[in-house]
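I'd like to ask some things about the structure below.
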Amino acid sequence: MSTPGSPSDSVRVRYCPSPTGSPHVGLARTALFNWAFARHHGGTIVFRMEDTDKERNSSESYDAILDLWRWLGLTWDEGIEKGGPHGPYRQSERGDIYADVLARLRASSYTYDCFCTNEEVEARRKARGSKVMGYDGFCRELSTDQRAAFEAEGRAPVVRFRMPDGEITFTDLVRGDITFQTEFVPDFALSRANGDPLYTLVNPVDDALMGITHVLRGEDLLSSTPRQIALFEGLKAIGVAQATPAYGHLPYVMGEGNKKLSKRDPEAHMELYREQGFLPEGLLNYLALLGWAIAGDRDVFSLDEMVEAFELADVNPNPARFDLKKAEAINASHMRLLSVEEVTERVLPFLAKEGVVADPPTEEEARLLAQAMPLVAERINKLAEAPAMLDFLFVDEAGFTRDPDDVAELLDETGRSVVQASYDALGGLEEWTTASIEEALRTALIEGLSLKPRVAFGPVRVAVTGRRISPPLFESMELLGRERSLSRLQSALG
RNA sequence: GCCCCCGUCGUCUAGCGGCCUAGGACGUCGCCCUCUCACGGCGGUAACGCCGGUUCAAAUCCGGUCGGGGGUACCA
């Protein structure tokens with residue numbers, strides 16, 4: 001399976017979302033690529049929660065992320081709710097670990113205490129006319145006197161990492177070699193003045209402690225990579241890290257225009273797609289297409305096929321725009337891959353939510369549904385489209401309503417005369433079957449009234465199903481039954 | 001400003017020096033099927049940002065340029 005020099009079964013990757021806000025498509029796409037990569041190589045997936053930001057964390061978000069991951073089927077082997085040898089897996093519970101690492105780092109020459117305020121740094125930068133933003137290294141070589149003076153002022157230091165001189169080159173797993181001159185990478189803070197560790201510290205520390213071998217993340221983190229690589233040298237020196245992971249930066253998922261899909265954009269939220277009735281496998285298939293292709297002439301595939309074929313070298317570094325239309329088309333393809341029984345199964349929660357059937361459905365409802373779904377399954381592209389197509393069959397006569405717009409358009413005077421003729425033609429039918437209904441109506445309307453089919457059946461459809469759009473009319477009437485069908489034709493006249 | 005990334009149809013992409021008068025998918029347009037819708041079928045539309053270089057040969061390699069994006073925090 002594994003070849004020399006390529007990732008082997010020792011691959012360890014991680015999901016590390018922070019529970020702030022609702023899960024984003026970019027987050028899911030990144031998770032998917034990590035998942036596919038790890039599964040392809042028989043590796044291990046660690047799930048940890050980066051909940052260091054006390055201000056923005058929420059348990060709702062935490063739950064939403066786990067819920068989403070389970071729905072999508074993005075499994076993991078170690079971490080949140082699973083445990084493992086490197087826990088705890090919530091950063092909020094790892095304070096002692098970070099404090100210890102920070103203390104050891106502070107005792108080394110890799111860091112130094114910095115007493116500067118942002119204002120002071122900015123003032124110095126302006127005075128110097130420097131083009132490089134960020135910290136200027138002022139506190140790098142503080143004398144004991146200077147230090148004492150700051151402390152006498154009541155200042156508390158942040159711990160800063162001392163970037164080495166020279167350049168840092170790494171081989172990005174999707175982009176190839178990337179080099180940064182460290183003069184453009186300022187010394188960065190690892191902790192706040194109050195001692196709280198920052199993301200810059202905890203993310204690499206956890207990767208180190210959890211033995212992460214491959215870090216696949218968003219392109220937005222590309223420019224922080226030299227800092228992490230430099231930090232890893234320090235972590236290795238103090239015995240916290242064994243090795244520096246390999247990094248791969250996945251392309252952005254963009255929204256409309258040229259902006260990165262932002263949290264404020266409703267299309268960015270994964271819940272939306274779930275609510276609309278996307279299939280997890282359909283959504284994931286589409287997400288996979290954002291930066292990866294299984295073949296030149298094919299874009300519908302299963303997750304198993306993706307795992308089989310996925311290689312990081314094939315990931316396209318270009319940013320990709322999220323295209324709802326295509327996402328829906330891919331989803332529709334997956335819908336057509338399901339059996340009617342499977343579609344029925346998946347549609348059930350949507351029907352229950354809309355009150356079309358009980359939860360769980362009654363025996364009678366289940367029976368009707370089994371008859372109706374073959375008509376519906378092939379004409380919906382998302383699960384949430386089902387209730388509107390089916391409710392006319394399940395609603396009782398007292399609760400039956402018609403779409404006002406469709407009524408206005410199709411049940412005008414001529415429309416009602418068509419309905420009347422239909423009522424007359426069907427009233428005496430001996431056998432109530434799709435074929436006999438169709439024959440009777442065609443005879444009465446097409447031949448009798450010389451109407452064009454679409455003109456003839458439109459009003460009948462609205463009368464019986466309440467909508468201009470419905471499953472096939474004659475089949476629908478058979479399922480509805482003679483009594484209710486006739487009663488609806490009748491009520492459409494009044 | 002500075003640093004980094006990116007650049008093939010409207011969109012997602014295939015392409016890794018000759019198979020390319022550039023392929024597929026979504027979209028879009030036209031037609032067919034048809035009781036609505038959806039499906040399905042057929043056909044059309046449409047791209048290698050630009051300029052140099054390397055080479056017998058470049059969408060593919062190199063340089064530049066232009067354009068887009070991101071990063072420049074005691075956020076993550």
Side-chain angles (χ1 to χ4, degrees), chain A residues 16-18 20 50-53 55-56 114 116-118 121 129-135 156-160 172 174-175 178-181 183-186 188-200 202-203 218-226 249 251-252 254 258-260 286 289-300 313-314 316-330 332-333 335-336 375-381 385 389 406 410 438 441-442 445-446 452-458 460-462 465 467-476:
Chain A
C16 56
S18 42
T20 55
E50 303 219 329
D51 54 349
T52 45
D53 190 335
E55 303 297 307
R56 297 195 300 152
C114 170
C116 299
T117 64
N118 279 332
V121 176
S130 168
K131 299 183 167 187
V132 182
M133 309 291 270
Y135 193 62
V158 305
V159 177
R160 234 175 244 289
D172 189 283
V174 340
R175 289 152 211 274
I178 298 174
T179 299
F180 289 83
Q181 302 300 325
E183 62 180 300
F184 300 115
V185 184
F188 56 99
L190 297 173
S191 71
R192 291 199 166 97
N194 66 9
D196 284 351
L198 261 11
Y199 166 85
T200 49
V202 300
N203 179 274
E219 185 186 341
D220 49 333
L221 292 164
L222 182 55
S223 49
S224 73
T225 307
H249 292 90
Y252 276 106
M254 320 280 278
N258 267 339
K259 341 165 265 238
K260 180 182 159 193
Y286 177 68
L289 259 18
L290 265 22
W292 184 74
I294 196 166
D297 58 355
R298 189 167 164 231
D299 54 16
V300 175
D314 297 333
N316 188 330
N318 307 351
R321 205 172 310 262
F322 189 93
D323 182 349
L324 219 208
K325 286 269 179 50
K326 178 136 185 183
E328 289 176 334
I330 296 291
S333 299
M335 286 280 256
R336 274 170 253 127
L375 306 175
V376 172
E378 64 180 6
R379 35 177 47 83
I380 58 174
N381 290 328
E385 292 164 13
M389 283 219 150
D406 292 348
L410 290 168
E438 176 165 7
L441 287 181
R442 283 193 188 278
L445 307 179
I446 312 300
K452 289 197 163 129
R454 62 182 304 129
V455 178
F457 301 125
V460 183
R461 184 186 305 283
V462 174
T465 72
R467 290 192 180 83
R468 187 172 30 183
I469 296 170
S470 80
L473 182 59
F474 315 122
E475 285 84 345
S476 295

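Labels below follow one simple rule: chain letters A, B, ... track the order of the sequence lines, proteins then strands, and each chain is numbered from 1. Since the structure is predicted, the reported quantities are computational estimates derived from the model, not experimental observations.
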Gap in Å between the two P atoms, one belonging to B:G67 and one to B:C62, rounded
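Result for the P pair: 22 Å, nearest Å.
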Restricting to side chain to side chain donor-acceptor pair (under 3.5 Å), what partner residues turn up for A:Asp323, sequence neighbours left out?
none
Which residues pass the side chain to side chain donor-acceptor pair (under 3.5 Å) test with A:Asn381, not counting sequence neighbours?
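By the side chain to side chain donor-acceptor pair (under 3.5 Å) rule, A:Asn381 matches no residue at all.
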Identify the nucleotide, in any strand shown, that forms a Watson-Crick or G-U wobble pair with B:U34, with both distances under 3.5 Å; if there is none, say none.
none
Roughly how many Å apart are B:G23 and B:U45, using the P atom of each and rounding to a whole number?
11 Å
If you look at every strand shown and take non-hydrogen atoms under 4.0 Å, does A:Asn118 touch a base, only sugar-phosphate, or nothing?
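Answer is sugar-phosphate: A:Asn118 comes under 4.0 Å of backbone atoms only.
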Can you name the ring-ring contact (aromatic ring centres under 6.0 Å, His included) partners of A:Phe457, sequence neighbours left out?
A:Phe474
For A:Phe180, what residues pass the ring-ring contact (aromatic ring centres under 6.0 Å, His included) criterion, not counting sequence neighbours?
none
If a protein heavy atom is under 4.0 Å from the base, mark B; if only from the sugar-phosphate, S; if neither, -; do that for nucleotides 1-15 of chain B going 5' to 3'.
BSSSBSSS--SBSS-
What is the nucleic acid contact for A:Thr52, judged by heavy atoms within less than 4.0 Å: base, sugar-phosphate only, or nothing?
sugar-phosphate
NA contact type, A:Cys116, heavy-atom cut-off 4.0 Å: base, sugar-phosphate, or nothing?
base
For A:Arg298, give me all partners under side chain to side chain donor-acceptor pair (under 3.5 Å), at least two apart in sequence or on another chain.
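Only A:Glu305 meet the side chain to side chain donor-acceptor pair (under 3.5 Å) criterion with A:Arg298.
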Can you give one letter per nucleotide of nucleotides 34-48 of chain B, 5' to 3': B if a protein heavy atom sits under 4.0 Å from the base, S if only from the sugar-phosphate, - if neither?
-BBBBSS--------
Contact class for A:Ala189 vs. all strands (heavy atom < 4.0 Å): base, sugar-phosphate, or nothing?
sugar-phosphate
According to side chain to side chain donor-acceptor pair (under 3.5 Å), who are the partners of A:Asp220, at least two apart in sequence or on a separate chain?
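A:Asp220: no side chain to side chain donor-acceptor pair (under 3.5 Å) contacts found.
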ring-ring contact (aromatic ring centres under 6.0 Å, His included) against A:Tyr135, all qualifying residues, sequence neighbours excluded
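Partners of A:Tyr135 by the ring-ring contact (aromatic ring centres under 6.0 Å, His included) criterion come out as none, since no residue qualifies.
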